[in-house]
There are 2 protein chains.
Amino acid sequence: MTTTAGDHRYLQVARALRKEIVDGVYPVGSQLPTEHELCERFAVSRYTIREALRRLRDDNLVASRPRAGTLVVPRPSTNSYAQDVMSIDDLLAFAQGARFAIETNAMTTVDDALAERTGLSPGTEWLAASGFRRVDDDTAPVCRTEYYINRNFAAVGRLLQRHSGPIFPLIEDLFGVSVSEVHQEISAVVLPPDLAQRLQVQAGTAALQMQRTYTTSDGEIAQVTVNTHPSARFRHAMTLRRVRE
Amino acid sequence: MTTTAGDHRYLQVARALRKEIVDGVYPVGSQLPTEHELCERFAVSRYTIREALRRLRDDNLVASRPRAGTLVVPRPSTNSYAQDVMSIDDLLAFAQGARFAIETNAMTTVDDALAERTGLSPGTEWLAASGFRRVDDDTAPVCRTEYYINRNFAAVGRLLQRHSGPIFPLIEDLFGVSVSEVHQEISAVVLPPDLAQRLQVQAGTAALQMQRTYTTSDGEIAQVTVNTHPSARFRHAMTLRRVRE
DNA sequence: GGTAATTTGTCCGTATGTATA
DNA sequence: ATATACATACGGACAAATTAC
């Protein structure tokens with residue numbers, strides 16, 4: 001008698017919906033029936049429906065928004081046939097060798113100028129640390145680095161001096177959160193005189209400014225980092241490779 | 001707003017448990033209290049506890065087994081579990097809207113200066129096309145673009161005028177090759193006076209220079225592109241997301 | 001070795017919150 | 001402003017499996 005019954009109801013529902021989505025019953029962009037309607041159709045509780053939909057969301061088949069319903073999202077295989085193999089660690093590799101000398105390290109309130117630069121909300125408090133990164137103590141700095149760290153994780157501030165690599169693993173280890181997303185923006189700037197002097201380059205030199213925002217799985221911003229590299233000493237390189245599915 | 005302390009019980013519970021785990025209240029290998037005990041302790045329903053534990057599981061902090069309870073697992077310590085989901089299309093998205101006006105289009109022999117800039121072998125011949133890209137015919141250009149196309153694929157040169165998007169799909173379609181790898185290097189430059197004038201910005205302005213090399217599955221370089229964007233009009237953004245395996 | 005207790009996983013019904021069309 | 005639909009939250013129940021007796 002258990003022949004028809006596979007596993008667990010919510011898996012059966014998930015399978016059924018998945019099949020209908022790939023069969024085109026619910027084409028990309030269309031709305032799935034509401035959870036209530038699905039409850040009636042499958043004669044199960046809302047818990048079961050939601051558990052099934054959670055599986056479909058985990059597979060990036062659908063996306064749900066309050067009031068907007070649950071809609072079928074385009075399959076990632078159509079036009080975005082490229083995926084890259086760069087890891088977050090590659091992204092940070094450049095920082096490995098250099099030593100970070102802290103100059104400032106204090107709680108700061110985000111003003112409008114900083115908010116504009118970093119995207120942080122004005123008025124919020126962050127641990128701000130800044131300094132210069134160099135490979136040798138005697139050579140010119142590689143870059144100027146600014147950290148803005150979520151106050152909840154400000155305890156890492158004490159470790160910054162001794163630490164040399166990227167610091168978000170520190171936050172992960174100390175607080176048990178995991179960074180699920182890193183957003184990076186790269187822009188070109190002309191160095192102002194004071195900063196040029198500190199970086200030991202001529203005023204008017206171009207610099208690459210790389211800003212990274214680290215977001216935890218809770219959707220909370222853990223850290224924002226701004227690196228300013230004189231153009232002569234830095235070039236950002238990455239390689240995308242197509243992978244078969 | 002969005003004060004981290006606030007909303008959603010299951011997030012509060014998750015944070016509390018996370019803290020106790022990293023503080024060593026529940027060391028690695030130990031058992032967490034049962035869900036029922038946690039319900040009593042936090043005075044919440046089992047739904048809330050389970051939702052909190054789900055978060056901890058998603059972060060690989062704990063593992064639950066039926067009947068065995070929930071136990072604290074060692075952190076995956078290795079820093080290699082990060083992969084990104086950016087596609088080549090994302091990389092090229094910016095080029096979609098803009099129109100490309102060709103100024104030069106001719107076979108060229110790579111001299112030492114060009115070899116230095118692009119990595120191409122001196123003495124080899126490439127179809128060189130350059131021009132300016134603008135969204136509107138009347139507005140200032142978005143960037144200056146230089147193409148260097150493998151002579152084997154030089155036939156695409158005739159299509160460049162009419163074509164607006166990225167051109168490597170053109171090469172793929174016409175010649176049946178497939179681009180398997182894209183290498184990108186980003187650097188900052190100060191615009192020389194002549195180029196600044198053509199881009200309608202002040203001399204001495206910073207610009208982002210993005211150079212991409214497209215390699216086919218044969219290991220042959222199909223195309224090299226150099227885009228020069230005045231800093232005010234361009235910012236390179238990308239997002240890395242960790243994907244579960 | 002069989003049995004009972006325990007604990008997670010699944011499932012139900014219901015109620016309230018919240019964001020959106 | 002109102003209705004809608006997902007998100008969160010509560011309480012209760014049984015199943016299956018593992019541990020302890």
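By convention in this document, chain letters (A, B, ...) are assigned in the order of the sequence lines, proteins followed by strands, and residues within each chain are numbered from 1.
- With a 4.5 Å cut-off on side-chain heavy atoms, A:L71 and A:L32 do not count as touching.
- Chain A approaches DNA chain C over the interval C:dT10 to C:dA21, counting the first and last nucleotide 5' to 3' with an atom under 4.0 Å from its heavy atoms.
- What separates CD of B:E40 from C1' of D:dC10 is a distance of 15 Å, to the nearest Å.
- With respect to the salt-bridge test (charged N to carboxylate O, under 4.0 angstrom), the residues A:E51 and A:R57 do not qualify.
- We find that B:R18 and A:D218 are joined by a salt bridge, their nearest charged nitrogen and carboxylate oxygen being less than 4.0 Å apart.
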Query - Summary of protein contacts for nucleotides 2-7 of chain D, nucleotide by nucleotide, where a base hit scores B, a sugar-phosphate-only hit scores S (4.0 Å, heavy atoms) - result: --BBBB

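- Atom-to-atom, CD of B:Q31 to C1' of D:dT18 comes out at 12 Å; the value is rounded to the nearest Å.
- Considering CE of A:M210 and CD1 of A:I186, their distance stands at 4.0 Å, rounded to 0.5 Å.
- Classified by interplanar angle (parallel below 30°, tilted 30° to 60°, perpendicular above 60°), the ring pair A:Y147/A:F100 is perpendicular.
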Query raised in the report: Using Watson-Crick and G-U wobble pairs whose two distances are both under 3.5 Å, how do you write the pairing of DNA chain D as dot-bracket, with | for links to another strand?
Result: .||||||||||||||||||||

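- Side-chain contact, B:N227 with B:Q211: no donor N or O sits under 3.5 Å from an acceptor N or O.
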Requested in this report: Give the intermediate values and the outcome of side-chain hydrogen bond (donor to acceptor under 3.5 Å, both in side chains) for residues A:S231 and B:S187.
Outcome: CA-CA 6 Å; A:S231 60; B:S187 56; over 6 Å; no

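- For the atom pair B:L199 CG and B:F132 CZ, the distance stands at 5.5 Å (nearest 0.5 Å).
- Side-chain N or O atoms of A:E185 include none that pairs as donor or acceptor with a backbone N or O of A:R212 at under 3.5 Å.
- Residues A:E146 and A:Y148 have side chains that bring a donor and an acceptor to within less than 3.5 angstrom of each other.
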